[in-house]
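Only one structure is covered here, and it is reproduced in the block below.
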Amino acid sequence: MNFAEEIIEWYQRNKRDLPWRKTEDPYIIWLSEIIMQQTRVEQGTPYFNRFAEKYPTVELFASASEDEILKLWQGLGYYSRGRNMHQTAQLVMEEHAGYFPKNYDSLIKLKGIGEYTAAAISSFSSNEARAVVDGNVFRLLSRYFGIDTPINTGKGKKLFTDLANELLDKSQAGKFNQAIMEFGSLQCKPKNPDCLSCPLQAACEARKTNRINELPVKIKSLKIRERYFNYIIAQKDGQILINKRGAGDIWENMFDLPLFETEFPSHAHDLIRSEKFISCFGEKVKIRSVSAPVKHILSHQKLHASFIEIESFSDRFLSERSWFYVGQDELEKLAQPKLIFHFFENFHKLNT
DNA sequence: AATCCGGGGGA
DNA sequence: TCCCCAGGATT
């Protein structure tokens, strides 16, 4: 058996029962593919089920507001995916008459759809012969062929994409693509792959040369930025002051609290005497409580957040247009990053 | 080409 | 801790 036959044979016997494999509807496949980007199947599946149930057609998805999409996306991360989906759904309604594209060349033009996702949707929905190259495929091919070209360079991406397209069984592109990813995910795992049970072990170059743990090669240049977030809890008449975040930073268009970011850790008592703080809340502010510092890790940032509950503040000076008061019911409808909704879970428990 | 964009889980 | 996950957009 050749490579394609081996992995397809393996796939038939070992595939998982995933909900989005039961359809050829390009809209539903799109939903699943975007949700699964950089996301484990176990983490993304509940989100897929909720989205597919609430928005069974692209028309219903397009009729939702961005706020609604982000709220349903809450907790999954990489929120630009949700914002891009919202744009794409509306464009599909307007320029594709509500028919979600099935061919690669149309798909690749859509916001949030790159080479991987266009290949996945086109092959799964219409069997177009485009090989998918995701993290699983990079790993499997680099090991099987013993290729140490870094996978996160232009050269590496082209090399592995060309290779995958040569291996592709064009008569059943969709099944081949499912198979190669599933194989990489379950059999050729990143750590401690079970080579003894692997049907490709005899021909695997990494196994022959004992380089399983060194492949694939990836250039790492991750510099983490440390940031200090001082969040203000300001309540009035049972409502709480909320901030809608803007563009150009993390969590775009999502909701958090009035934020005073400092370059270094700062004490609440110093913060409330700062010029900027006073210009917002006045000079007579008292501190009711200060939370223990909370660490929150993002892919490129390490946030140190503290939550400062204030009283006796004046909001005559509230110059920030993005701040507004909401009650409990409204708050629960707002899309919040995990750091924030996790804080509120504890905060409400304390206040009830 | 390099950097940014979340959050979770395994070792 | 470090690495990786059904990646893509921006600079």
Side-chain angles (χ1 to χ4, degrees), chain A residues 11 15-16 18-21 29-48 70 73-85 87-88 107-121 123-124 131-140 150-158 160-161 164 174 177-186 188-193 213-225 227 245 247-254 256 295-303 335-342:
Chain A
Y11 176 67
K15 65 181 175 186
R16 291 168 288 187
L18 303 177
W20 50 89
R21 287 195 180 137
I29 295 169
W30 168 69
L31 215 49
S32 73
E33 290 301 336
I34 304 294
I35 287 171
M36 296 306 156
Q37 286 171 1
Q38 291 295 289
T39 303
R40 293 170 188 283
V41 166
E42 307 81 59
Q43 186 189 3
T45 298
Y47 285 83
F48 169 80
L70 286 176
W73 203 274
Q74 176 177 293
L76 191 57
Y78 284 162
Y79 298 97
S80 65
R81 292 182 289 174
R83 296 194 304 271
N84 287 336
M85 285 180 98
Q87 277 189 44
T88 288
L107 289 162
I108 195 76
K109 293 175 184 161
L110 301 175
K111 264 272 173 54
I113 297 184
E115 286 183 32
Y116 162 76
T117 306
I121 300 174
S123 67
F124 299 157
V132 292
V133 185
D134 71 337
N136 298 310
V137 176
F138 277 121
R139 186 173 57 253
L140 170 57
I151 60 175
N152 53 346
T153 60
K155 187 179 171 186
K157 277 174 190 155
K158 180 171 183 359
F160 285 103
T161 302
N177 280 340
Q178 295 279 10
I180 194 171
M181 288 194 285
E182 191 82 332
F183 193 100
S185 174
L186 301 181
C188 199
K189 294 180 295 184
K191 290 181 180 170
N192 304 323
N213 293 320
E214 287 137 50
L215 295 173
V217 174
K218 187 187 263 185
I219 297 170
K220 46 188 169 194
S221 65
L222 202 68
K223 41 177 185 181
I224 302 288
R225 179 159 63 124
R227 300 177 72 177
R245 298 182 62 84
D249 200 354
I250 57 174
W251 305 328
E252 181 177 335
N253 291 358
M254 295 180 71
D256 60 356
K295 282 182 194 169
H296 189 75
I297 311 291
L298 284 61
S299 48
H300 285 70
Q301 300 180 19
K302 185 172 180 180
L303 308 182
Q336 304 152 41
K338 201 205 101 169
L339 173 65
I340 299 302
F341 72 73
H342 190 255

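Residue numbers start from 1 in every chain, and the chains themselves are labelled A, B, ... in the order their sequence lines are given, proteins ahead of strands.
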Stems involving DNA chain B, each a run of at least 3 consecutive Watson-Crick or G-U pairs under 3.5 Å: B:1-5 with C:7-11, B:7-11 with C:1-5

C1' gap between B:dG6 and C:dC3, integer Å: 16 Å

pair A:L18-A:F48: side-chain heavy atoms closer than 4.5 Å: no

Flag, side chain of A:Y78 to backbone of A:I35, donor-acceptor distance under 3.5 Å: no

d(CH2, A:W251; C1', B:dG7) in whole Å: 11 Å

Closest listed nucleotide, where the reference is the side chain of A:K338 and the choices are B:dG10, B:dG6, B:dG7: B:dG7

Residue whose nearest DNA chain B nucleotide is more 5′ - A:D249 or A:K155: A:K155

Check: A:D256 main-chain N/O paired with A:R245 side-chain donor or acceptor under 3.5 Å: no

d(CD1, A:I219; C1', B:dA2) in whole Å: 10 Å

Reference residue A:F138; test side-chain contact (heavy atoms from CB on, under 4.5 Å); the match among A:N152, A:V217, A:T161, A:I151: A:I151

Interatomic distance where OH belongs to A:Y78 and P belongs to B:dC4 [whole Å]: 12 Å

DNA chain C-proximal residues of residues 34-41 of chain A, any heavy atom under 4.0 Å: A:M36, A:Q37, A:Q38, A:T39, A:R40, A:V41

Validation row: A:Q38, A:S299 side chains within 4.5 angstrom (heavy atoms): no

Touch class at under 4.0 angstrom, heavy-atom based, for A:G44 against every strand present: nothing

Sugar-phosphate only, base, or nothing, as touched by A:G77 at under 4.0 Å among non-hydrogen atoms: base

Separation of B:dG6 C1' from A:Q301 CD (nearest whole Å): 10 Å

Touch class at under 4.0 angstrom, heavy-atom based, for A:S32 against every strand present: nothing

Note, A:V132 side chain near A:E33 side chain (heavy atom, < 4.5 Å): no

Separation of the C1' atoms in B:dC5 and C:dC4, to the nearest angstrom: 16 Å

Side-chain heavy atoms of A:F183 within contact of A:Y11, under 4.5 Å: no

d(NZ, A:K223; P, B:dC5) in whole Å: 12 Å

Sugar-phosphate, base or nothing in reach of A:S299, heavy atoms under 4.0 Å: base

Phosphate OP1/OP2 of B:dC5: any A:W73 side-chain N/O under 4.0 Å: no

Sugar-phosphate, base or nothing in reach of A:Q178, heavy atoms under 4.0 Å: base

5' precedence on DNA chain C between A:N84 and A:R139 (nearest-nucleotide basis): A:R139

Nearest-nucleotide comparison on DNA chain B, the residue closer to the 5′ end among A:G75 and A:T153: A:T153

Distance, rounded to the nearest Å, where A:R225 contributes CZ and B:dG6 contributes C1': 15 Å

Spacing of A:E252 atom CD relative to B:dC5 atom P, expressed in whole Å: 10 Å

Contact check, side chains of A:W251 and A:L339, non-hydrogen atoms, under 4.5 Å: yes

Test item: A:R81 and A:L76 side chains (from C-beta on) under 4.5 Å apart, heavy atoms: yes

Sugar-phosphate only, base, or nothing, as touched by A:G184 at under 4.0 Å among non-hydrogen atoms: nothing

Sugar-phosphate, base or nothing in reach of A:R81, heavy atoms under 4.0 Å: base

Validation row: A:D134, A:M36 side chains within 4.5 angstrom (heavy atoms): no

Phosphate-side-chain proximity, A:H300 and B:dG6, N/O vs OP1/OP2 below 4.0 Å: no

Sugar-phosphate only, base, or nothing, as touched by A:L339 at under 4.0 Å among non-hydrogen atoms: nothing

Euclidean distance, atom NZ of residue A:K111 to atom P of B:dC5 [Å, nearest integer]: 17 Å

Euclidean distance for P, C:dA9 against B:dG8 (whole angstrom): 24 Å

Sugar-phosphate only, base, or nothing, as touched by A:R21 at under 4.0 Å among non-hydrogen atoms: base

Whole-angstrom distance between C:dG8 and B:dG9, as gauged at atom C1': 23 Å

Test applied, salt bridge (charged side-chain N to carboxylate O under 4.0 Å, His left out); reference residue, A:E182; option that passes from A:R21, A:K189, A:K15: A:R21

Minimum heavy-atom distance between A:G184 and A:R139, given as atom pair plus value: O-NH2, 2.8 Å

Note, A:I250 side chain near A:L303 side chain (heavy atom, < 4.5 Å): yes

Span of DNA chain C, from the first to the last nucleotide whose atoms fall under 4.0 Å of chain A heavy atoms: C:dC3 to C:dA9

Donor-acceptor pair, side chain of A:R83 and main chain of A:E252, under 3.5 angstrom: yes

Pairwise 5' ranking along DNA chain C for A:L110 and A:L18, keeping only the more 5' one: A:L18

